[in-house]
Amino acid sequence: MKIKNTIIDSQRIEQRVKELAAQISEDYKDIREPLIIVGILKGSFIFMADLCRYLTMPHVGDLMSVSSYGNASKRSGNVRIIMDARENQEGRDVLIVEDILDSGHTLDYLIKNFKSRYTKSVKTVVLARKPNELAFPVEIDYVGFDIPSVWVVGYGLDYAERYRTLPYIAELDPEER
Ligand code: IMP
Ligand code: MG
């Protein structure tokens with residue numbers, strides 16, 4: 001393995017996901033139509049699956065795939081939709097589920113994109129945030145963990161499609177990856 005060290009073990013993840021779900025369930029407890037939860041593929045698929053199962057209010061799951069960096073560097077902010085969400089979001093409350101907030105370009109793009117669909121509201125939940133990497137302010141409603149500016153893998157996160165299904169979040173060894 002080329003894993004350097006565990007940053008967040010599976011028990012802490014489970015505990016935090018339960019806390020986030022409790023908070024989200026409380027905030028949306030009076031919702032009239034089910035909350036549309038849009039997981040951003042591929043990185044959020046494990047986080048979303050766990051989070052949804054602890055929610056206590058009505059919700060429907062949806063999925064969307066975007067390419068964040070393409071061939072350019074991450075500072076370019078070049079976001080493309082690879083596969084769009086399927087639910088009609090007009091007049092609905094929408095929650096975006098993302099794996100990581102890094103430069104902020106991906107979520108900034110998605111928030112604006114979803115607001116242009118005449119949604120009733122758009123909120124965001126991210127598993128992890130790298131506070132030192134943000135290129136500009138992005139409003140995030142729920143944050144699992146603040147983490148250092150290192151490349152992390154596991155619990156849905158990959159490096160070149162590897163390590164996604166590790167049950168914990170770990171730092172990759174930059175020397176060996
Ligand atoms: P942003 O647009 O720079 O905020 O990029 C966010 C996206 O980059 C995330 O959705 C991830 O797919 C990817 N990403 C950023 N940092 C990491 C990391 O440490 N591990 C795995 N993926 C990451
Ligand atoms: Mg992603």
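Worth saying up front: this structure is predicted, and the values here are computed from it rather than measured. As the structure lists them, so they are numbered: ligands from 1, and atoms in each ligand from 1.
- Side-chain rings of His59 and Tyr28 stay apart, their centers remaining 6.0 Å or farther from each other.
- A side-chain donor from one of Tyr142 and Asp27 sits under 3.5 Å from a side-chain acceptor of the other.
- Atoms of ligand 1 lying under 4.0 Å from any heavy atom of Thr106, numbered from 1 in the order shown and given with element: 1 (P), 2 (O), 5 (O), 6 (C).
- Both the backbone and the side chain of Asp102 come within 4.0 Å of ligand 1, counting heavy atoms alone.
- Arg92 contributes no side-chain N or O that, together with a main-chain N or O of Glu87, makes up a donor-acceptor pair within less than 3.5 Å.
- Residue Gly104 has at least one nitrogen or oxygen atom sitting less than 3.5 Å from a nitrogen or oxygen atom of ligand 1, judged on distance alone.
- Between Asp62 and Arg86 there is no salt bridge, since no side-chain nitrogen of the basic residue lies less than 4.0 Å from a carboxylate oxygen of the acidic one.
- Residue-ligand proximity: Gly43 is placed with every non-hydrogen atom at 4.0 Å or more from ligand 1.
- Near Glu98, with a cut-off below 4.0 Å to any heavy atom, the atoms of ligand 1 are 9 (C), 10 (O).
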Show the numbers, then the answer: is there a side chain to side chain contact (heavy atoms under 4.5 Å, CB included) between Val138 and Ile111?
CA-CA 9 Å; Val138 180; Ile111 293 166; 4.1 Å; yes
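- Interface atoms of ligand 1 facing Val150, defined by a heavy-atom separation under 4.0 Å, are 19 (O).
- Residue His105 approaches ligand 1 through these ligand atoms, each under 4.0 Å from one of its heavy atoms: 2 (O), 4 (O).
- Any N or O atom pair closer than 3.5 Å counts here, and Val152 shares at least one such pair with ligand 1.
- Near Lys130, with a cut-off below 4.0 Å to any heavy atom, the atoms of ligand 1 are 16 (N), 17 (C), 18 (C), 19 (O).
- Taking the six-membered ring for Trp and thresholds of 30 and 60 degrees, Tyr159 and Trp151 have ring planes more than 60 degrees apart, a perpendicular arrangement.
- A donor-acceptor pair under 3.5 Å is absent between the side-chain atoms of Ser25 and the main chain of Leu55, judged by distance alone.
- Each of the following atoms of ligand 1 lies closer than 4.0 Å to a heavy atom of Ile100: 6 (C), 9 (C), 10 (O), 15 (C), 16 (N), 17 (C), 18 (C), 19 (O).
- Ion pairing of Asp84 with Arg117 is present here, as a side-chain N (NZ or NE/NH1/NH2) and a carboxylate O approach within less than 4.0 Å.
- For ligand 1 and Asp158, the ligand atoms under 4.0 Å from any heavy atom of the residue are 21 (C).
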